[in-house]
Amino acid sequence: MSKSAGCCKRFLHYAFDYETPKTLVIPSLGVGFVFRFTQFLVVMYVVGYVCVVQKAYQDTDTVISTVTTKVKGFAFTNTSDTEPRFWDVADYIIPPQGDHSFFVLTNMVVTPKQVQSRCPELPSPSTICVDDCNCVEGHSDPRGNGIQTGLCENYSTTARTCEVLSWCPLEIDTKLPEHALLAAAENFTVLIKNSITYPKFNFHRRNILPHVNSSYLKRCEFSRLTDPHCPIFRLKDIVSEAGEDFQDMAVKGGILGILIDWSCDLDWWAGECLPKYSFRRLDNKHPVNNVAPGYNFRFAKYYKTADGEETRTLIKAYGIRFDVIVFGTVPVVADWFLVTCSRKRDLYSRHKTTHLTEDADSASVRDFSPSLSLMNLISTD
Amino acid sequence: MSKSAGCCKRFLHYAFDYETPKTLVIPSLGVGFVFRFTQFLVVMYVVGYVCVVQKAYQDTDTVISTVTTKVKGFAFTNTSDTEPRFWDVADYIIPPQGDHSFFVLTNMVVTPKQVQSRCPELPSPSTICVDDCNCVEGHSDPRGNGIQTGLCENYSTTARTCEVLSWCPLEIDTKLPEHALLAAAENFTVLIKNSITYPKFNFHRRNILPHVNSSYLKRCEFSRLTDPHCPIFRLKDIVSEAGEDFQDMAVKGGILGILIDWSCDLDWWAGECLPKYSFRRLDNKHPVNNVAPGYNFRFAKYYKTADGEETRTLIKAYGIRFDVIVFGTVPVVADWFLVTCSRKRDLYSRHKTTHLTEDADSASVRDFSPSLSLMNLISTD
Amino acid sequence: MSKSAGCCKRFLHYAFDYETPKTLVIPSLGVGFVFRFTQFLVVMYVVGYVCVVQKAYQDTDTVISTVTTKVKGFAFTNTSDTEPRFWDVADYIIPPQGDHSFFVLTNMVVTPKQVQSRCPELPSPSTICVDDCNCVEGHSDPRGNGIQTGLCENYSTTARTCEVLSWCPLEIDTKLPEHALLAAAENFTVLIKNSITYPKFNFHRRNILPHVNSSYLKRCEFSRLTDPHCPIFRLKDIVSEAGEDFQDMAVKGGILGILIDWSCDLDWWAGECLPKYSFRRLDNKHPVNNVAPGYNFRFAKYYKTADGEETRTLIKAYGIRFDVIVFGTVPVVADWFLVTCSRKRDLYSRHKTTHLTEDADSASVRDFSPSLSLMNLISTD
């Protein structure tokens, strides 16, 4: 036969000859039982652990969230240093917008009636002076209180310090009260409204559950045992659950996390999707291995005198910043499970059998399928 | 032969004897065709579905985003209660910084000239009194308006209520206008500048596209049909697309989400990566199953009188808070595809063949490779 | 034998006959060596690349983060337009709370003593007029400065423009200084305190490392070479590392990202988990393909005159907004590795051997395990 016809025939054989492994069937109950039991263990592992426990079949999505907060409560302060004063939300919540992060003022150092002028620095190793030559005009120490003028002035009868250009009188922030001025803040309450979306699955939820009515919402207060779905929290309780004491934390301030976990299982058999609240102190309260422990910042209220001169009241505000942190992932059945099943089916389906009997050799030819005639047609020489 | 040499020989056999399954080749066109067709279906599934549709080969990353916003527009209010007043951005945008979340004031209750003093509470079941003994000194109801002094005073000719220490005169927040004061806010425009990064892939994009020029940007306005790439949005249109009416929403306020979806496919054949805008109302507008519907907060402007006494103007601000929420994932080809291909190649390459002819048994010995001599050298006994 | 007994026996055979592929053992050193070497390469790929490099065995989690910032520094401005003025943190940081995003004022246009009144618009093609009929009462151009009254007034000796109701005098924002007013801001320092949590693994970390003591923290300054763990950064250095010049950026402002990457490997052999700092300019500084380049916003300080009239100082603030962006994923060993190992073990364990000798056929029967007796019991006919 010619060469090309020979190539063609070899190619046909290569392409369409069906190659299958030979197998040996052992009719032994013991071996067969061990084999089936091993198969069962593998199936249990895939279904029971990989699918059910690990939920490896699920697709996931991360949460998009919106939060509003609203604090309520009043406080009254009356110390030897300050005039009696009433405080409401507009006075102690900064910023006022009710965002996911809000600050409650609990303690402060107030320096009223500051004006732009020159005054002697607060005494410290870097500001003490004897003569003008100890002071450098234009020098500004970031840990100081102003820009030096180059003059050395009397701070008090016992100390002379470099004069600075600044808002005078200078703030003396060591005067921080030992006990929080707004101690009543522990009884303030905060209403948290949170709505979340999982965009991949078009899934929306709110933390105010559908079955809860408005009159309940107006009077309730969150409690893990009795009112776990009430979105109104008492600040003292929040801080306690985080393992802290409100009055201790209120002196120098801190950061408290209100974590709302929306990790839910969207499989139809999984039940309702509810938020899980937890509370944690997020800043480091230990003075060792720390700088500026607690939480504080400075802000000012600006006024104009009758002559049009600008004055300000500087407030070094200490307090607790509450950060509402919303997180979660939500998984849904995908077809990974199907992929697994079909792969196994392929795996199990490639057996060609030879039954082991006393007439083994003759049986091997008998069991294979027909088309021997077709094979004869192809393989002529 | 000695025991150790026997062990050594057995170990060599174990380590280097090549064990391969025997196969049977059936030269049947029908069976061969079914076999190849099944192979083809499996390959199509892996390439077409798992790779192309599910993109299981891709690696993913989540987005890091920065947003700035800038609102423009003016409003004019003139009611019987308030003086005629002009409003610009510095007056109605809170906070002013142009962050990803900005509040547009649309309605308000203003209580000017408040000073720290004592005045009778607003009448309610818990504040009505007949005598001083009905009032408890120091008692402070968070839903009230101040701290009780213990005295019962005349609120009006018909009602007597407990006196409180507070900022007086008290706010009467039932006086909220039925129609939004700053109705003109619907025609304000907001410019949104958003730049994103996918850090794992060092991939950066901006929502102001490279081909768009500055003069177009100064005059354009977003429209899905005619100007889908203009980053300037009219507030009324945003709210409409979210399925709401601006004037309705403006009375008691609400939260509106401006969602920017940057989910893109970074495969080289995938095309440009463009942001997709959508708008959704994020708060619950229904009064049933809700507390404090809408969105509002209180803030104050502080002043000092000529005598140095502090006064304030309390504003209960209602309005729409716009939250720009940026999200997305971006996948890129990884070498998972290669891993898959090589695994399949391994799978197909372990065949050792026995051709089924009439001389089957003798052919089995003929087809195997040489080194029978080596085998003879190893297996002596 | 009856039909049902026959069915039962066939089912038993189907369920418990153990089917195993026949194999051929070739005692060839060369072939065996090639085989073992290929196995070794595959194992190396799985262990070395898939497990070690790709860490495909690991489970992942995304970070939850809290940030506080505190800026220090003073500046002094003295120009022909403005009075000499001292600036401290309360004056130039907006908002003052020390959140993850803070704005440092570097340049500004100040319009003091604005009151609600009427005044002629700034001259422009849309505001120039000749007669009252050129002006439309109530018309408000968002890019203008007020609401038109319908009158045409003298703006100056050479120009007549439409009169507007607005805060007068109007702001002239083309008067922006060419060099940043608060040039000294480049020497301000910012302390960044960041604490992160990976909730799935209950893993917490802070960027102030445990071994760093307080006295070091009070005086140090971040430097990649000498002080990579100091959390205090000089603004000029931050901006330089981002490839920008502080004074250039300070004229019209911009957005600078301080990225903190907490991607760590939690495998026990992986070492400590440290934050990696990097800095990037996030806004588009090029005027081409841009609108409103830089970063600015308007805010006002409100005052009351002795007569009780409200006045304000409008400030168009330009500056650099620093966004602290924290991100990261953390992977941990899962049991995927075990799944892989056990799958391969299954793959290797299904061999049944036939040793190739000159007595091949007789050996095949000799090597199989017992229970031939059981087989005989089952397969009677």
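Proteins come first, then strands; the chains are lettered A, B, ... in the order of their sequence lines, and each starts at number 1.
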Can you tell me which portion of [X] sits under 4.5 Å from chain C's heavy atoms? Options are side chain, backbone, both or neither.
X      : result
A:D283 : backbone
A:I94  : both
A:S140 : side chain
A:P293 : backbone
A:N284 : both

Using a cut-off of under 4.5 Å for heavy-atom pairs, which of [options] has the most such pairs with chain C?
options                        : answer
A:S101, A:G138, A:G257, A:G146 : A:G146
A:D261, A:N145, A:V34, A:L314  : A:N145
A:E310, A:R143, A:K304         : A:K304
A:K301, A:R321, A:R298         : A:R321

After noting the C-alpha distance and the side-chain angles of C:Y92 and C:F188, does the key distance pass the ring-ring contact (aromatic ring centres under 6.0 Å, His included) rule?
CA-CA 11 Å; C:Y92 61 70; C:F188 293 170; 4.3 Å; yes
Notebook entry, point to check: Is there a donor-acceptor contact under 3.5 Å linking the side chains of C:R85 and C:N78?
Noted result: no
Note to self: Please evaluate residues A:F322 and A:F102 with respect to the criterion ring-ring contact (aromatic ring centres under 6.0 Å, His included), reporting the C-alpha separation (whole Å), side-chain torsions for both, the decisive distance (0.1 Å), and the verdict.
What the structure shows: CA-CA 5 Å; A:F322 293 86; A:F102 61 96; 5.2 Å; yes
Ring pair (Phe, Tyr, Trp, His ring centres under 6.0 Å) filter on A:F103, not counting sequence neighbours, yields A:Y295, A:F297
Whatever's closer than 4.5 Å to a heavy atom in chain A on C:N194 counts as neither
When every non-hydrogen atom of A:R281 is compared with those of A:A242, the smallest separation belongs to N-CB, 4.0 Å
